[in-house]
Amino acid sequence: MTAPLQPERLPADTAHLMQTVLIALTPGVIVFVYHTGWGGIFNLAVAVISACVAEALALHLRGRDAGNGLSDYSAIVTGVLIALCLPPLLAWWIPALGALFAILLAKHAYGGLGHNIFNPAMAGYALLLVSFPRDLGIWLTLPDAFNTTLAFAIERAFNGGLVNYPLWDAITGATALDLYRDLSLRPEPLTDALYGTTGTFGALHSEWLNLAYLAGGLWLMYKHIISWHIPLLIIVSLATCILIDSAFNSTHIGATLGLQVFGGATMLGAFFIATDPVSAASSKRGQILYAVGIGVLVYLIRRYGGYPDSIAFAVLIMNCCVPLIDRLDPWWQGGKKP
Amino acid sequence: MHGGLKLQHRPASDIETLPTPPTLRIPIQQHQGPAAPVIVTVGESVVCGQPLSMSTDLRQVPVHASLGGTVTDISRTDITITTNDSCATWQPWQASPLPNPHTQQSYINHFHQRGLVGLGGACFPVAAKIDAHKNTTPTLVINAAECDPDICCDEALLQQCGAAVFDGVAIAMQATAASRCVVFIEQGKKTDTAAMQKLVSDAGLHNTDVVAVPAIYPSGAETQMLSHVSGQRVARNSYNTSPPMISFNIGTCYAMSQSIAAGQPLVARITTVIDHNSRARNFSIPIGTPLSHLAASLGLPDTTALEIFSGGRMMRREITLNSVVTKSHNCIEFTVAQPPVSVRECIRCGLCADACPEKLQPQQLYINAKAHNESALVALNLNSCIECRCCDHVCPSKLPLTALYQQAKTDLAVKHRSKLDADIAKQRFDKRALRLQRLEAQKADRLAAKKDTLSNKKSTSTLNKKQLIEQALQRAQAKKQHIAAPASPTNREADQ
Amino acid sequence: MTGIILLTLLAAATGALLGYAASWFEADADSLVNRIDAILPQTQCAQCGYPGCRPYAEAIANSQAGIDQCPPGGADGVAALANLLGRDVIPLNPHYGEEKPVALAFIREPECIGCTLCIKACPVDAIVGAAKLMHTVIADHCTGCELCLPPCPVDCIDLIVPQNTISHYHGQIS
C-alpha cells in the first residue's frame with residue numbers, strides 16, 4: 001500500500017552516488033590495467049589506500065565521525081581518479097603524495113566534502129605534474145607495460161620508479177599528444193610526424209581507454225548521476241576549437257580530431273572529473289559556461305602550453321571561476337543584480 | 001511544469017464516519033486571518049451548526065458547533081463542547097435560504113456566515129476570495145488534482161458525491177460571475193477526463209473545460225495549476241494574471257453546494273487518515289474532533305510511540321496528539337517513529353534544482369539561508385518556494401532543506417515586519433517632534449505678545465507702586481468672592 | 001630636464017584630478033545620516049544618550065558617538081552599522097543598557113489615575129487618554145522604549161513581551 005516515494009533511478013544517498021561512479025569507472029579501470037599492467041594496479045592500490053588514510057586522519061583531526069565520513073566512498077573515488085592519471089612504475093610515494101595532498105589540502109582544508117573549491121583529484125595530480133614532470137612524462141608502451149611482472153613493479157616502486165631505471169628510454173615512447181604539441185617545430189607533414197602514435201580512430205592505445213570511459217560516462221547519465229550538459233559541451237567545444245585550428249593550419253582534420261577527442265584524458269575529464277558536482281557550477285546555465293571554458297582551455301593548453309595533456313589544469317582554472325559563475329546566475333536568470 | 005516528482009497515488013477508499021466524539025475542541029481561528037469574536041458563553045447549550053463566533057468582517061470567518069452539546073470551556077484559542085447523543089446530526093439552525101435575487105453580495109454573505117474556507121489546506125476565506133474579484137469576470141479554476149500522493153479525500157468525494165460537487169461548481173461560477181471554468185485533474189485517477197466531462201454536462205455547466213495533467217507532484221499545487229491553466233508564470237501570493245483567476249478545491253465546492261442546498265455551515269470535512277500500517281481511509285470528521293478520539297476509533301496501538309503528521313507525506317507538518325481536526329486538515333497520518341537519518345554535507349549535485357517546480361536554486365538558497373544572507377535570499381526568490389519538499393526527497397545528502405527555508409522565510413517576514421514597524425515609529429516620532437516644535441513656537445509667540453502688552457501698559461501707566469499694590473489686592477478680593485459664589489459670571493477684566 | 005618637466009606636469013594633473021574627484025565624490029552627509037537612521041530600530045528610547053534615533057544617527061555620522069550605544073538594535077544592529085561604516089564589529093557597550101527582547105508597555109487600567117505624564121513622555125504618541133481619565137497604550141504603535149515608566153506616579157505600567165506575533169503556521173492550533 002505504501003506509495004513509493006523515491007523516484008526511479010535517482011541516487012538514494014551520497015554513498016550510493018559515489019558507488020555508482022565507481023561502478024561506472026570499472027570498464028575504464030580494466031582497460032587502464034590492461035595498458036599499464038602491475039604498475040597501474042600498484043598505483044591504484046597506493047592512491048586509494050593513502051586517500052582513505054588521509055580522509056580518516058582529516059576527519060579525526062576535525063573531530064568528525066571518521067566511519068561515517070569514509071562510508072560515503074568519496075575518498076576512494078578521489079584515489080582512483082588520481083591513479084588513473086598516473087603512468088605505471090612510479091616511485092611508491094608519488095601516488096601517495098598526490099592522494100594526501102588531494103584529501104588533506106584540496107578537500108579538508110576547505111571544509112571537507114561539499115566545500116572544496118577545487119577538484120581534489122585534479123589538485124593532487126597537478127601538484128605531482130608540476131613537481132615531478134619527468135617521472136610523470138614516462139609512459140610504458142603497451143606490450144612492455146602489460147608484460148611487466150609484479151616483482152618488477154614493486155622493485156621499481158621502492159627504487160625511485162622508472163625514471164631511475166637505466167634502460168627506460170628504450171622501452172617508452174612519446175605519446176600522440178606529446179607530438180601534437182611539437183607539431184609546429186617539425187618540418188614533416190602531420191601524418192608522418194604522428195606516425196606510430198595514432199590508432200584506429202584516436203590516439204594509439206588510449207583510444208580504447210577513452211572509449212571505456214565514454215561507456216561508463218553514458219551509463220552514469222542513464223543513472224541520472226550526471227547530466228549531459230558538461231560532458232557534451234566539453235567535447236563539442238574542444239572539437240570546435242580543433243576544427244577551426246585545422247582550417248587555419250591545414251592539418252589533417254580527421255587525425256587531429258580523433259587523437260584529441262579519443263586521446264589523453266579527454267573522456268575521463270569530461271565524464272568523471274569536470275562533472276564532480278562539488279567543484280562544478282551549480283546551475284545548468286553556469287554548467288554550460290563552465291564546460292565550454294574547460295573545452296577551450298584543454299585545446300589551448302594542449303596546443304600552446306607547456307604540458308602535453310591539460311585536463312587537470314583546464315578543470316582547475318574553471319574551478320576558480322565557479323564561485324563567480326554561480327554568483328552571476330540569478331542575474332542571468334531574472335535580470336536582477338547579484 | 002518544471003521538475004517535480006513522479007509519485008504513485010493511493011487509490012481512494014469510501015468515505016466513512018467516526019463514532020461521535022465525547023468532546024470537541026473547536027479552534028476559534030482556523031483560517032488565514034484574524035479570529036471572529038466569540039458569541040457563546042460557558043454553560044450554553046448549542047445545537048449542531050450553531051455559530052460560536054460571528055463577525056461582519058470577511059477576514060474574520062465564524063466557526064460553528066460541529067455537533068450539539070454544551071459549551072464547557074472557552075479559552076483564548078479554543079471552545080470546548082461536551083457533546084450529547086441527540087445532536088449528532090446537523091439541525092437546520094436558522095437555515096435561512098439565500099435571499100432572492102441571488103446577487104454576488106448575497107453569496108458572499110451566505111458563504112461568510114457559514115464559515116466557508118478553502119478546504120485544499122490553506123483555509124483562505126471563501127467570501128473574502130470572491131469579494132476580492134467582485135468587479136471582474138474571472139476564470140474559475142476548480143482543483144480536482146490532489147497535490148500530495150497520500151491524500152485521496154478529494155478523489156473519494158468525487159466518486160461518492162460527484163453530482164453535489166458539480167452543483168457546487170455551478171454555484172461557484174454564479175457566485176464569482178466567472179465567464180469560463182477549468183476543471184483541473186491529474187491523469188491516471190479513477191475519475192478520468194471522460195467521467196469528469198459527464199459530471200460537467202450533467203450539472204449543465206457551460207464554457208467548462210476539463211484539463212488533465214500528468215500526475216507529477218506537485219502539479220496540484222495552486223501556483224503550478226494556475227501557471228498551467230493561464231500559460232503565464234504565476235508567482236506565489238500574487239496571482240496577478242489576465243484574465244484574473246479564482247481557484248477552489250472541489251471540497252470547497254462541495255461545501256458551497258451543501259451551504260446553499262441545506263443552509264449547512266462548514267461543520268465537517270473529509271480527511272484522509274493513514275494509520276500506522278500505512279492504510280489510508282477517508283472519514284467525514286466533525287471539525288474540532290480531538291486526534292486522541294480519532295486514534296482510539298482507528299484502534300491504534302500505543303499512540304505515544306507514533307509520530308503524527310498533517311498534510312500527506314510530501315507537504316506534511318508534525319502535529320501532536322493534543323491537536324484537533326480543523327478545516328485545514330486534508331490528511332492526518334499516524335506513523336511509527338523513524339530513526340533520524342544521518343545528514344551529510346551538500347555536494348552541490350544539483351538534483352534539487354532539477355526537481356524544483358518553481359525553478360529556484362535550492363542549493364544556493366541552502367547556503368544563503370545557513371549564512372542568514374537576507375538580501376541574497378530575496379534575490380533568489382525564497383518567498384516563491386511552495387514548500388513542496390521535492391528538494392528534500394531528491395537530496396542525496398538528506399538535508400532538511402524545506403525546514404530551513406521555512407525558518408528563513410519566517411525570519412524574513414519578522415525582519416520585514418519590524419522594518420515596517422520602525423518606519424511607522426519614525427514617522428510618528430517625526431510628527432510628534434514637529435508638533436512639539438509648533439507648540440513651542442506658539443507658546444513663544446504668546447509670551448512675546450504678552451510682554452508687548454505689558455511693556456505698553458508700563459509706558460502708558462501713570463500709576464505709582466502703591467496704587468498698583470492696591471489694585472492687585474482688589475483683584476484678589478474679587479477672586480475670593482468669585483470662588484465663594486461660583487454661580488456669578490466670571491469677571492475676566494478684573495484679572496487684567 | 002624634459003623628464004622633470006613632464007613629471008611635474010603629470011604630478012600637477014594627477015593632483016588636480018584627485019582634488020576634483022574628492023570634491024565631486026564627497027560623501028553626502030545627509031544621505032549617510034539617512035542610511036544610519038534606516039539601520040537604527042526607531043525605538044526612540046534615548047538609551048544612547050541622544051533624544052532619538054535620528055540625533056544618534058547624526059552623532060554617529062559626525063563621529064561624535066560610537067556604534068555600540070543602541071541596546072534595542074542589539075548585536076545585529078551593531079554589525080549592520082559596522083558593515084555600513086566599514087568599521088570593526090564590537091560588542092554592545094553595557095553602559096547604555098543590555099539587549100533584551102522587545103517588551104511593550106501595558107497600563108494596568110484600574111490603577112491609572114489619569115495624570116497624562118506618560119502621554120507626554122511617549123516619543124511616538126502611542127498612549128491615548130485625557131487628564132483624570134484612564135490611559136491606554138496602542139500596542140501596534142508602542143516601540144517598547146520604556147520612557148513612560150519613570151514618570152508614572154503610581155507605577156501602573158508593565159512591560160509585556162508579546163507572544164508569537166506572526167501566526168505563521170495557521171491551522172495548526174493545538
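Numbered from 1 within each chain, the chains take letters A, B, ... in sequence-line order. Heavy atoms only: backbone and side chains are in, while hydrogens, waters and symmetry mates are out.
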Enquirer: What's the separation between atom CD in B:Gln364 and atom CG in A:Asp326, rounded to the nearest 0.5 Å?
Expert: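 B:Gln364 atom CD to A:Asp326 atom CG measures 5.0 Å (nearest 0.5 Å).
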Enquirer: Could you give the distance from OG (A:Ser227) to CG (B:Asp354), rounded to the nearest 0.5 Å?
Expert: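 So the gap between those two atoms works out to 7.0 Å.
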Enquirer: Would you name the heavy atoms of A:His224 and B:Leu351 that are closest together and state the gap between them?
Expert: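 Nearest pair, atom of A:His224 first, then B:Leu351: O-CD2, 4.0 Å.
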Enquirer: Where do A:Asn68 and B:Arg344 come nearest, in terms of heavy atoms and distance?
Expert: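 In this case the closest contact between A:Asn68 and B:Arg344 is O-NH1, 2.8 Å.
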Enquirer: Quick one: pull up CZ in A:Arg285 and CD in B:Gln361 and give me the separation to the nearest 0.5 Å.
Expert: 7.0 Å
Enquirer: If you count heavy-atom pairs under 4.5 Å with chain B, which of A:Val278, A:Asp276, A:Asp65 comes out on top?
Expert: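 Result: the option with the highest number of such pairs is A:Val278.
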Enquirer: Heavy-atom distances under 4.5 Å only: say whether A:Asp72 touches chain B with side chain, backbone, both or neither.
Expert: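 When you check distances to chain B, atoms from both the backbone and side chain of A:Asp72 fall under 4.5 Å.
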Enquirer: Using non-hydrogen atoms and a 4.5 Å limit, figure out which bit of A:Leu113 sits close to chain B: side chain, backbone, both or neither.
Expert: both
Enquirer: Rounded to the nearest 0.5 Å, what's the gap from OG on A:Ser283 to CD on B:Gln363? Could you check?
Expert: 9.0 Å
Enquirer: Please check if the number of heavy atoms outside B:Lys415 that lie under 6.0 Å from its NZ is greater than 12.
Expert: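 No - once you tally the heavy atoms of other residues, nucleotides and ligands closer than 6.0 Å, there are 12 at most.
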Enquirer: Please classify the contact of A:Asn116 with chain B as side chain, backbone, both or neither, using a heavy-atom distance under 4.5 Å.
Expert: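 For A:Asn116, there is no contact with chain B at all, as no heavy atom is under 4.5 Å.
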Enquirer: Answer yes or no: is there a donor N or O on one side and an acceptor on the other, between the side chain of A:Ser282 and the main chain of B:Gly350, under 3.5 Å?
Expert: no
Enquirer: Which heavy atom of B:Arg348 sits nearest a heavy atom of A:Gly114, and at what distance?
Expert: CD-O, 4.0 Å
Enquirer: Between B:Cys349 and chain A, which part of the residue has a heavy atom less than 4.5 Å away: side chain, backbone, both or neither?
Expert: both
